[in-house]
Asker: 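Structure in structure tokens, see below.
The basis for the numbers below is simple: all heavy atoms, side chains too, and nothing from hydrogens, waters or symmetry mates.
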Amino acid sequence: MTGARFTRVRLNRKDLRRPFPRGFVQRLRGQTVRTVTRRGKYLLVGLSSGDALVMHLGMTGWFRVESTAAANRRSGDRDQALENRHDHVVFTMSSGVTVTFNDPRRFGMMDLVTANHLPHHGSLAAIGPEPLSREFDAQALARGLANRKISLKVALLDQRVVAGIGNIYASEALHLAHLSPFRRASTLATKSGVPRPACTRLVTAIKSVLRRAISLKQTERYDESRFRIYDHEGERCPTPGCGGKILRAWQAGRSTFYCRVCQR
DNA sequence: ATTGAGACCTGTCGGC
DNA sequence: TGCCGACAGGTCTCAA
């Protein structure tokens, strides 16, 4: 998309999780894409007008990228109707590429924000440090967890503490760091806010788990066998010499996978 | 101010 | 084969 112009923008419905902003199509059409970046789980497309297109995939959102010729062929194909049922947004670009947003559960979202409003935009405003940046270290995590009475697992899902961690990698990181998902978040730092060794371990584990996931494109296709403990209830704990069994618990409405033996 | 519960949706899978 | 309930990768809102 970078460098290309939106020649056509099509909305197949008026909302996803929330309504599309008024004037969405008109404000996008004719704009050239300057940048395509990311902040946490939000995708940001910078436009020549100064506006930014903000997008989130929710749980089931994804983009199909194909030549415009292929997209046109598809739209005339009755057999594809079932699979294309959840195509909600179609971007036709001047480069000859068509980018289609498909999202069965419609938990995704798209918004259009002026550049000066971007830093204040809803959840983007309060979002925490990027996990793979230098800025995210034991000090930063200790600050984020200070005084929080919630469990470590629930804290990692809070995007204000650290950006971009979801239910799978919260379990994976805590396991790698040998930390109990039920431990109170505030206990990773001393009263005066100095990070404990466990805090440093968790930062290292988060970075390691995410780097590995990115290098393997791990969740691009959901493949449970690639996770160490997520969705492995009842199997042996993969920690060398541990011998524990992987358990499953329920926290804040989400399932947590963990080992009672090596995670304290 | 923080926290937990429920809501928003459709698809899939296991059990009967 | 078909029906039913449980559960799914994420926020967001509301009430306590």
Side-chain angles (χ1 to χ4, degrees), chain A residues 11-21 38-44 54-63 80-89 101-111 113 120-128 131 143-175 181-189 206 209-210 212-214 216-234 246-258:
Chain A
L11 295 185
N12 289 331
R13 52 178 303 123
K14 59 185 189 326
D15 59 4
L16 292 171
R17 195 178 72 217
R18 291 164 21 198
F20 290 97
R38 179 195 60 73
R39 180 77 175 91
K41 296 175 190 169
Y42 291 85
L43 303 169
L44 307 175
V54 180
M55 305 188 282
H56 196 293
L57 300 176
M59 295 247 223
T60 52
W62 61 290
F63 291 100
Q80 300 263 350
L82 204 72
E83 312 173 30
N84 297 349
R85 185 168 27 148
H86 302 298
D87 288 356
H88 305 309
V89 185
F101 180 68
N102 180 288
D103 184 6
R105 284 178 83 176
R106 301 204 302 277
F107 284 175
M109 75 99 184
M110 288 194 192
D111 201 358
V113 190
H120 316 291
H121 183 264
S123 13
L124 267 177
I127 209 162
R143 243 178 284 129
L145 299 180
N147 306 320
R148 300 299 302 270
K149 298 182 191 358
I150 51 175
S151 68
L152 271 182
K153 163 73 183 327
V154 174
L156 289 183
L157 293 179
D158 184 340
Q159 302 297 297
R160 294 170 303 183
V161 173
V162 50
I165 298 182
N167 200 40
I168 292 178
Y169 296 116
S171 279
E172 295 289 310
L174 287 169
H175 180 260
F182 308 108
R183 183 163 160 176
R184 200 187 232 240
S186 59
T187 65
L188 286 207
I206 288 168
V209 153
L210 293 181
R212 180 178 155 76
I214 289 166
L216 295 177
K217 297 186 175 182
Q218 207 156 47
T219 50
E220 186 174 279
R221 282 191 313 133
Y222 187 87
D223 183 352
E224 56 171 81
S225 67
R226 289 175 172 175
F227 304 128
R228 289 164 53 88
I229 52 162
Y230 183 85
D231 220 7
H232 287 283
E233 183 184 15
I246 298 174
L247 304 175
R248 174 193 184 131
W250 202 252
Q251 293 181 283
R254 324 289 304 277
S255 52
T256 298
F257 296 86
Y258 69 106

Asker: Residues in side chain to side chain donor-acceptor pair (under 3.5 Å) with A:R105, at least two apart?
Answerer: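 By the side chain to side chain donor-acceptor pair (under 3.5 Å) rule, A:R105 matches no residue at all.
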Asker: Can you check the A:L210 CG to C:dG9 P distance for me, whole Å?
Answerer: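 Distance, rounded to whole Å: 16 Å.
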Asker: Produce the list of close N/O pairs, under 3.5 Å, pairing protein atoms with atoms of nucleotides 1-5 of chain B; give distances to one decimal.
Answerer:
unit_1: B:dT3; atom_1: OP1; unit_2: A:K149; atom_2: N; d: 2.7
unit_1: B:dT3; atom_1: OP2; unit_2: A:R148; atom_2: NE; d: 2.7
unit_1: B:dT3; atom_1: OP2; unit_2: A:R148; atom_2: NH2; d: 2.9

Asker: Do the side chain of A:E233 and the main chain of A:F257 share a donor and acceptor less than 3.5 angstrom apart?
Answerer: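 Checking the backbone N and O of A:F257 against the side chain of A:E233, no donor-acceptor pair under 3.5 Å is found.
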Asker: Suppose we screen for side chain to side chain contact (heavy atoms under 4.5 Å, CB included). Which residues come up paired with A:N12, at least two apart in sequence or across chains?
Answerer: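 Residues passing side chain to side chain contact (heavy atoms under 4.5 Å, CB included) with A:N12: A:R10, A:D87, A:V90.
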Asker: Hey, can you pull the donor-acceptor pairs under 3.5 Å for the side chains in residues 153-161 of chain A, sequence neighbours left out?
Answerer:
unit_1: A:K153; atom_1: NZ; unit_2: A:N167; atom_2: OD1; d: 2.8
unit_1: A:K153; atom_1: NZ; unit_2: A:S255; atom_2: O; d: 3.4
unit_1: A:K153; atom_1: NZ; unit_2: A:T256; atom_2: OG1; d: 2.8
unit_1: A:D158; atom_1: OD1; unit_2: A:R160; atom_2: N; d: 2.9
unit_1: A:D158; atom_1: OD1; unit_2: A:R160; atom_2: NE; d: 3.1
unit_1: A:D158; atom_1: OD2; unit_2: A:R148; atom_2: NH1; d: 3.3
unit_1: A:D158; atom_1: OD2; unit_2: A:R148; atom_2: NH2; d: 3.4
unit_1: A:D158; atom_1: OD2; unit_2: A:R160; atom_2: NE; d: 3.4
unit_1: A:D158; atom_1: OD2; unit_2: A:R160; atom_2: NH2; d: 2.8
unit_1: A:Q159; atom_1: OE1; unit_2: A:G164; atom_2: N; d: 2.7
unit_1: A:Q159; atom_1: NE2; unit_2: A:L157; atom_2: O; d: 3.2
unit_1: A:Q159; atom_1: NE2; unit_2: A:I165; atom_2: O; d: 3.0

Asker: Considering residues at least two apart in sequence or located in another chain, which fulfil the ring-ring contact (aromatic ring centres under 6.0 Å, His included) criterion with A:F20?
Answerer: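 Testing A:F20 for ring-ring contact (aromatic ring centres under 6.0 Å, His included), a comparison that skips the adjacent residues, returns A:F24.
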Asker: For nucleotides 7-9 of chain B, give me every protein contact, N/O to N/O, under 3.5 Å, one pair per line with atom names.
Answerer:
unit_1: B:dC9; atom_1: O2; unit_2: A:R105; atom_2: NE; d: 2.8
unit_1: B:dC9; atom_1: N3; unit_2: A:R105; atom_2: NH2; d: 3.4

Asker: In whole Å, what separates the P atom of C:dA6 from that of B:dG6?
Answerer: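 So the two P atoms sit 14 Å from each other.
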Asker: Does A:L16 offer a backbone N or O that forms a donor-acceptor pair with the side chain of A:R106 under 3.5 Å?
Answerer: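 Judged by distance alone, no pair lies under 3.5 Å.
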Asker: With sequence neighbours left out, write down each residue that passes salt bridge (Lys or Arg N to Asp or Glu O under 4.0 Å) with A:R39, or none if nothing qualifies.
Answerer: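 If we apply the salt bridge (Lys or Arg N to Asp or Glu O under 4.0 Å) test to A:R39, skipping adjacent residues, the hits are A:E130.
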Asker: Would you classify A:S255 as touching base, sugar-phosphate or nothing, given that sugar-phosphate means primed atoms plus P, OP1 and OP2, and contacts are heavy atoms under 4.0 Å?
Answerer: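 Sugar-phosphate contact only.
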Asker: Taking 4.0 Å as the cut-off, does a side-chain nitrogen or oxygen of A:Q159 come that near to OP1 or OP2 on C:dG10?
Answerer: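 No, because none of the side-chain N or O atoms of A:Q159 sits under 4.0 Å from OP1 or OP2 of C:dG10.
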Asker: Could you work out which one of C:dG10, B:dT10, C:dC12 sits closest to the side chain of A:N167?
Answerer: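 Closest nucleotide among those given: C:dG10.
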Asker: What's the CG-C1' distance between A:L157 and C:dT11, to the nearest Å?
Answerer: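 In whole Å, C:dT11 C1' and A:L157 CG are 11 Å from each other.
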Asker: Without decimals, in angstroms, what is the distance between A:K153 NZ and C:dG10 C1'?
Answerer: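 It is 12 Å, rounded to the nearest whole Å.
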Asker: Could I get the full list of ring-ring contact (aromatic ring centres under 6.0 Å, His included) partners for A:H56, not counting sequence neighbours?
Answerer: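 Checked A:H56 against ring-ring contact (aromatic ring centres under 6.0 Å, His included); matches are A:Y42.
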Asker: Show me the dot-bracket string of DNA chain C, counting Watson-Crick or G-U pairs under 3.5 Å, with | for pairs to another strand and [ ] for crossing ones.
Answerer: .|||||||.|||||||
Asker: Taking atom P in both C:dT11 and B:dT12, what distance in whole Å separates the two?
Answerer: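 One P to the other, the span is 23 Å.
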Asker: The criterion is salt bridge (Lys or Arg N to Asp or Glu O under 4.0 Å); which residues satisfy it with A:R18, sequence neighbours excluded?
Answerer: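 For A:R18 the salt bridge (Lys or Arg N to Asp or Glu O under 4.0 Å) partners, ignoring immediate neighbours, are A:D111.
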Asker: With DNA chain C as reference, determine whether A:Y42 or A:W250 sits nearer its 5' end, using the nearest nucleotide of each.
Answerer: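 Looking at DNA chain C, the more 5' nearest nucleotide goes with A:W250.
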Asker: Please list, chain by chain and in numerical order, all residues satisfying side chain to side chain contact (heavy atoms under 4.5 Å, CB included) with A:A249, sequence neighbours excluded.
Answerer: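 Checked A:A249 against side chain to side chain contact (heavy atoms under 4.5 Å, CB included); matches are A:F182, A:Y258.
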Asker: For C:dT11 and A:R254 - does any side-chain N or O of the residue sit under 4.0 Å from the phosphate oxygens OP1/OP2?
Answerer: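 False: A:R254 side-chain N/O out of range (4.0 Å or more) of C:dT11 OP1/OP2.
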Asker: Counting the atoms with a prime plus P, OP1 and OP2 as sugar-phosphate, which does A:W62 contact under 4.0 Å by heavy atoms, base, sugar-phosphate, or nothing?
Answerer: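 A:W62: no heavy atom of the nucleic acid under 4.0 Å.
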Asker: Report yes if a side-chain nitrogen or oxygen of A:H56 is closer than 4.0 Å to either non-bridging phosphate oxygen (OP1 or OP2) of C:dT11; otherwise report no.
Answerer: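 Yes, because at least one side-chain N or O of A:H56 sits under 4.0 Å from OP1 or OP2 of C:dT11.
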Asker: Quick check on B:dT10: is either OP1 or OP2 less than 4.0 Å from any side-chain nitrogen or oxygen of A:R85?
Answerer: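 So the side-chain polar atoms of A:R85 never come under 4.0 Å of the phosphate oxygens OP1 or OP2 of B:dT10.
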Asker: Tell me, please, which residues at least two apart from A:R184 pass side chain to side chain donor-acceptor pair (under 3.5 Å).
Answerer: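 Partners of A:R184 under the side chain to side chain donor-acceptor pair (under 3.5 Å) test: none.
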